Each structure stands twice: as structure tokens, then as C-alpha cells.
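Because the structure is predicted, anything quoted here is derived from the model rather than measured.
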Amino acid sequence: GRGLGKAALAYALNRLAQWHERCYLVTTSARTGAIALYLNFGFEPDLTPPGAGAVWREIATRLAHPALAGYLAKFAS
């Protein structure tokens with residue numbers, strides 16, 4: 001709650017950008033605070049794995065993050 005995660009992620013992404021154009025990360029669906037942070041940084045849900053839509057639909061109901069609003073239709077399938 002003191003912005004340390006935001007600062008650490010910003011630093012890590014800036015370092016990664018020196019050598020890479022893209023990156024991905026993995027977390028658990030229970031870590032809604034981390035998911036919100038990643039969404040704030042522009043990360044997008046991966047809907048390709050089987051069952052991903054159901055998981056993200058459940059996350060969207062708990063998180064209510066504006067970045068997830070455009071994905072709600074995709075979560076339905």
C-alpha cells in the first residue's frame with residue numbers, strides 16, 4: 001500500500017525494455033491487488049488457455065477494474 005510494488009514493477013519493466021519488446025507475467029487469481037497493478041501498467045489477460053474465460057470472469061467480478069470492462073464479452077465464452 002506504499003507504492004513499492006508500482007516502483008519495483010516500473011523499474012523492472014524499464015530494464016526489460018532495454019533488451020526486449022514484449023514480456024509476460026504469471027500470478028494467481030487470488031492476488032487481485034497484483035492483478036490490478038499489472039492492468040494499470042497495460043498488461044492484458046491471456047484468454048487462450050482452456051478455462052481462462054471463467055477465471056477472468058470471476059476476477060472481474062471481484063476486482064471491477066476499468067481495464068477489464070472491454071474483456072467482459074470475451075469472458076462470457
Side-chain angles (χ1 to χ4, degrees):
R2 297 182 302 197
L4 297 176
K6 182 178 179 180
L9 184 58
Y11 177 81
L13 292 175
N14 283 326
R15 292 298 304 238
L16 283 168
Q18 294 175 1
W19 300 284
H20 304 280
E21 294 180 15
R22 297 174 50 152
C23 69
Y24 72 94
L25 51 84
V26 178
T27 190
T28 67
S29 60
R31 301 193 64 220
T32 53
I35 293 168
L37 176 65
Y38 305 147
L39 292 169
N40 289 342
F41 271 81
F43 284 89
E44 298 177 357
D46 179 7
L47 301 176
T48 57
V55 172
W56 279 103
R57 186 171 43 253
E58 193 270 327
I59 292 169
T61 61
R62 287 187 289 128
L63 189 54
H65 192 282
L68 295 177
Y71 287 94
L72 289 177
K74 295 178 185 177
F75 300 151
S77 55

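Take R62 and apply the salt bridge (charged side-chain N to carboxylate O under 4.0 Å, His left out) test, not counting sequence neighbours, and it matches E58.
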Please test D46 against Y24 for side chain to side chain contact (heavy atoms under 4.5 Å, CB included), starting from the C-alpha separation and ending with a verdict. CA-CA 10 Å; D46 179 7; Y24 72 94; over 6 Å; no
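V55 and L63 end up in the same hydrophobic cluster when Ile, Leu, Val, Met, Phe, Trp and Tyr side chains are linked at under 4.5 Å. Both L25 and L37 are assigned to one and the same hydrophobic cluster, defined by single-linkage of ILVMFWY side chains at heavy-atom distances under 4.5 Å. L16 and F43 end up in the same hydrophobic cluster when Ile, Leu, Val, Met, Phe, Trp and Tyr side chains are linked at under 4.5 Å.
Taken to the nearest 0.5 Å, the CG atom of L68 stands 5.0 Å off from the CG atom of L39. In this structure, L9 CG and N14 CG are separated by 9.5 Å, a value rounded to the nearest 0.5 Å. The line from CD1 of I59 to OG1 of T28 is 8.5 Å long, rounded to the nearest 0.5 Å.
Nearest approach of P45 to W56, heavy atoms of both residues: CB-CE2, 3.4 Å. F41 approaches K6 most closely through the heavy-atom pair CZ-O, 3.6 Å.
Around CD of E21, the count of heavy atoms belonging to other residues, nucleotides or ligands within 6.0 Å does not exceed 12.
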